[in-house]
Protein chains: 4
Amino acid sequence: MSEKSVRKKEYILEQAQKVFAQKGFKDVTMKDIVTACNVSRGGIYLYFNDTSEIFEAVLDLRAKAEKNLFTEQIENTRCAEEQMRRFLNEQKRELLNPTDSLIIATYEYLFAHSAALNKAEMEDNFMHASGQLLRIIQNGVENGEFSVEPDVAAQNIVLLLEGLRISSTVLTLSEEFLDHQMEYILSQLTRGQST
Amino acid sequence: MSEKSVRKKEYILEQAQKVFAQKGFKDVTMKDIVTACNVSRGGIYLYFNDTSEIFEAVLDLRAKAEKNLFTEQIENTRCAEEQMRRFLNEQKRELLNPTDSLIIATYEYLFAHSAALNKAEMEDNFMHASGQLLRIIQNGVENGEFSVEPDVAAQNIVLLLEGLRISSTVLTLSEEFLDHQMEYILSQLTRGQST
Amino acid sequence: MSEKSVRKKEYILEQAQKVFAQKGFKDVTMKDIVTACNVSRGGIYLYFNDTSEIFEAVLDLRAKAEKNLFTEQIENTRCAEEQMRRFLNEQKRELLNPTDSLIIATYEYLFAHSAALNKAEMEDNFMHASGQLLRIIQNGVENGEFSVEPDVAAQNIVLLLEGLRISSTVLTLSEEFLDHQMEYILSQLTRGQST
Amino acid sequence: MSEKSVRKKEYILEQAQKVFAQKGFKDVTMKDIVTACNVSRGGIYLYFNDTSEIFEAVLDLRAKAEKNLFTEQIENTRCAEEQMRRFLNEQKRELLNPTDSLIIATYEYLFAHSAALNKAEMEDNFMHASGQLLRIIQNGVENGEFSVEPDVAAQNIVLLLEGLRISSTVLTLSEEFLDHQMEYILSQLTRGQST
DNA sequence: AATGAATGAGGATTCATTCAT
DNA sequence: AATGAATGAATCCTCATTCAT
């Protein structure tokens, strides 16, 4: 694939991402994407065969971008609570900007393809997703900052965030509301500390 | 509407519910529902005008059924922790049986109609959903069983459950996994108790 | 057919007439008529088999009513010009009230059935329609009031009126406009008179 | 739109015109037109969105063609009576060939859309239609050939022609019959001349 | 006589996908 | 590589008409 092709492909993915954020996955047609990009009706097939392929590529692109962001934002501190605060703040920032969230699209996609999906692999993914968090919490426990079962706590937070993300597609979550929840999470991690 | 019609309508809703549980909301066509029931192509329009109307009716039916179940299961005890356990057990039971969950369908429906929806009203609904829980937690706080901010804790649990429900469409949640989370929730409510 | 049936049938025709006046012929469905009357979906078939039959019956009913009106209004004068004025006034009155005109419906009906129609018979009808007029004009010619070729003049007036009727479905004809035309017609009949 | 597209569009309009002439407006379906042209079920939508749009385009096409014809046929003479004869002959020619008349279709279309139409604008159109005629008659009056009120006479002739056109959809008008009417019109214009 | 539930045919419309250019 | 015209499948939805009650 020529360099020009690569750039065009990336452009398509950028535009497609917006479409998926706005309409979810199932309602998006090839026509929608063709309209959003600068491609002809037939031209899109030179790059992708259907909306699933496009969506997968969008997710891949995002995953790469996020990975970089993630490590960079957090690693530069020793204090687990501080790391946790940064992490939660990052989440909060995203939750306050639901316009470009792919959460609904992602669930629609996964659910639509659930027959074809490897559940074991998905669980692995879930564990990975909580991996970052797990490390922070383990740090905290080792430091004596936190006193929880690290696995369970990390999963708990991941699930809560998922609940927030999915709710944000339908509700308007205020910053105040999110602050309360974030504080609650932190206070839970340190609960036994007072003794 | 004759009595027979009423029964047929209910039958349609039962069958439709299965379809929505299996395919979500957006992918369901009038034809799907027609095929699942014993109705002709045009016959369904005697009862409903489109899939949205059917889905709304399915949700209404569910809401009624759940309301009864809820009060009955929980009210017969004074101990807040016991009430909480019963509530969580009920949630666990549902989470282990994701085949007939409408969670994906519900989010697809809400998201697809989000332009037409009243966000303020939706937030009210959310608050109500946590209302039951809120009362249990307030009881617990008054009893001295729990020591949390009731509002925030109730919302936290609702969101976590939402996270579990939506995740269950894509992952297989083991009973063990759920038990850990449920215990974690309970332990959080009683955190300061040890002192 | 029982007396009650006869009355119901007439009631149906009355209501149907309004429907045809409003929608023309082709757009009217059995459902429209059923909705406009107090009859059940299937019940209408006890009286009529399709919209054509209903429309034909409506026209028959009208024809009867008009015939009575016509003779009654005009015959009581000897002066041809006065008769003519009365006739034209009656036409004017109808043209100013186009809401219950069946002209469009009639042409739609005739055109839709033109294959099945006997053209010769239709021409007879046309001649009949001008018959009344013809007699008045012949009177006038014999009196020396008018000086025209009676056949041609009568047909001319019938055609002009048809033009007015059909135009009135689409334009709003003012009373003033109609007065000018009516005067013009009259002046034509008497044209040679000045000599 | 490519040149080929333009030609195809014109081809569609030609074929559609025949369909409208035969069936009127309301009975014509997209399927009818698709069948009459060489287009697939969905293909027609590349050119037009519904039958109204097609019919409007057909009328536009006609209007252009007629405008040319009109001026060309008439302007080359000074004598108003001669101009009038040519004009009426042209009308006669069309009336004798009712197979490709769009009159019924036009009234069905106008009537069906009457709610959406601007009546004032329609009246303007009507006045314009009589404009050509009006000029001829004014010429004649100035020449001393005719002695009538030009406005009223022009409108009278337009309405008569409309009556003839609409009647021709249902009756077979003989050439003789038309000749009589045409002569009658002309004689009316010159009525006072004898003095 | 009368009802109205039910059926199925028919037409509208939108898209994924192909293909000639 | 790229275009966009064209096709045909799939769905939606409305009615005429039938039929059990």
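Numbers restart at 1 for each chain; the letters A, B, ... are given by sequence-line order, proteins then strands.
Contacts of C/K8 classified as salt bridge (Lys or Arg N to Asp or Glu O under 4.0 Å), with partners at least two apart in sequence or in another chain: none. Not counting sequence neighbours, the partners of A/L61 by the side-chain contact (heavy atoms from CB on, under 4.5 Å) test are A/L13. With sequence neighbours excluded, the residues that form a side chain to side chain donor-acceptor pair (under 3.5 Å) with A/S52 are A/H113. A search for side-chain contact (heavy atoms from CB on, under 4.5 Å) contacts involving B/A105 returns B/F20, B/F25, B/F55, not counting sequence neighbours. The side chain to side chain donor-acceptor pair (under 3.5 Å) search around B/Q17 returns B/R62, not counting sequence neighbours.
Side-chain nitrogen and oxygen atoms of C/S5 include at least one within less than 4.0 Å of the OP1 or OP2 phosphate oxygen of E/dA1. Residue D/Y47 places at least one side-chain N or O closer than 4.0 Å to OP1 or OP2 of F/dA6. For D/K4, no side-chain nitrogen or oxygen approaches OP1 or OP2 of E/dA20 to under 4.0 Å. Distances shown here put every side-chain N or O of D/T29 at or beyond 4.0 Å from the OP1 or OP2 atom of E/dG10.
For the pair B/S168 (side chain) and B/R165 (backbone), a donor-acceptor distance under 3.5 Å is present. Between the side chain of C/S114 and the main chain of C/F111, a donor-acceptor pair closer than 3.5 Å is present.
Under the salt bridge (Lys or Arg N to Asp or Glu O under 4.0 Å) criterion, no residue pair touches residues 44-59 of chain C, with sequence neighbours excluded. Residue pairs that meet the salt bridge (Lys or Arg N to Asp or Glu O under 4.0 Å) test with at least one member in residues 18-40 of chain B, sequence neighbours left out, are A/K26-B/D27, A/D27-B/K26, A/E108-B/K26, B/K23-B/D32.
Remark: DNA chain F takes part in the stems E:2-21 with F:2-21, each of 3 or more antiparallel Watson-Crick or G-U pairs, criterion distances under 3.5 Å.
Between B/I33 and B/I54, some side-chain heavy-atom pair lies under the 4.5 Å cut-off. Using a 4.5 Å heavy-atom threshold, the side chains of B/T99 and B/Q22 count as separate. Between D/T29 and D/T51 the shortest side-chain heavy-atom distance does not fall below 4.5 Å.
Regarding D/Y11, its OH atom lies at a distance of 16 Å from the C1' atom of F/dA6, rounded to whole Å. Separating the NZ atom of A/K26 from the P atom of E/dC15 is a distance of 17 Å, rounded to the nearest angstrom. Following rounding to the nearest Å, C/L46 (CG) and F/dT18 (P) show an atom-to-atom distance of 12 Å. C/D27 has its CG atom 14 Å from the C1' atom of E/dG11, to the nearest Å. Nucleotide F/dT14 holds its P atom 10 Å from the CE atom of B/M30, rounded to whole Å.
Contact check of residues 108-116 of chain D against DNA chain E (heavy atom, cut-off under 4.0 Å) returns no residues at all. Scanning residues 48-58 of chain D for heavy-atom distances under 4.0 Å to DNA chain F yields an empty list. DNA chain E is contacted by A/K31, A/R41, A/G42, A/Y45 of residues 31-45 of chain A, taking any non-hydrogen atom closer than 4.0 Å.
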Can you list, pair by pair, the side-chain donor-acceptor contacts under 3.5 Å of residues 37-45 of chain D, counting residues two or more places apart and other chains?
residue	atom	partner	partner atom	Å
D/S40	OG	D/G43	N	3.1

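Annotation: C/Q15, atom CD; neighbour count of heavy atoms from other residues, nucleotides and ligands within 6.0 Å is above 12.
The same atom, C1', is picked in E/dA1 and in F/dT21; the two are 13 Å apart, to the nearest Å.
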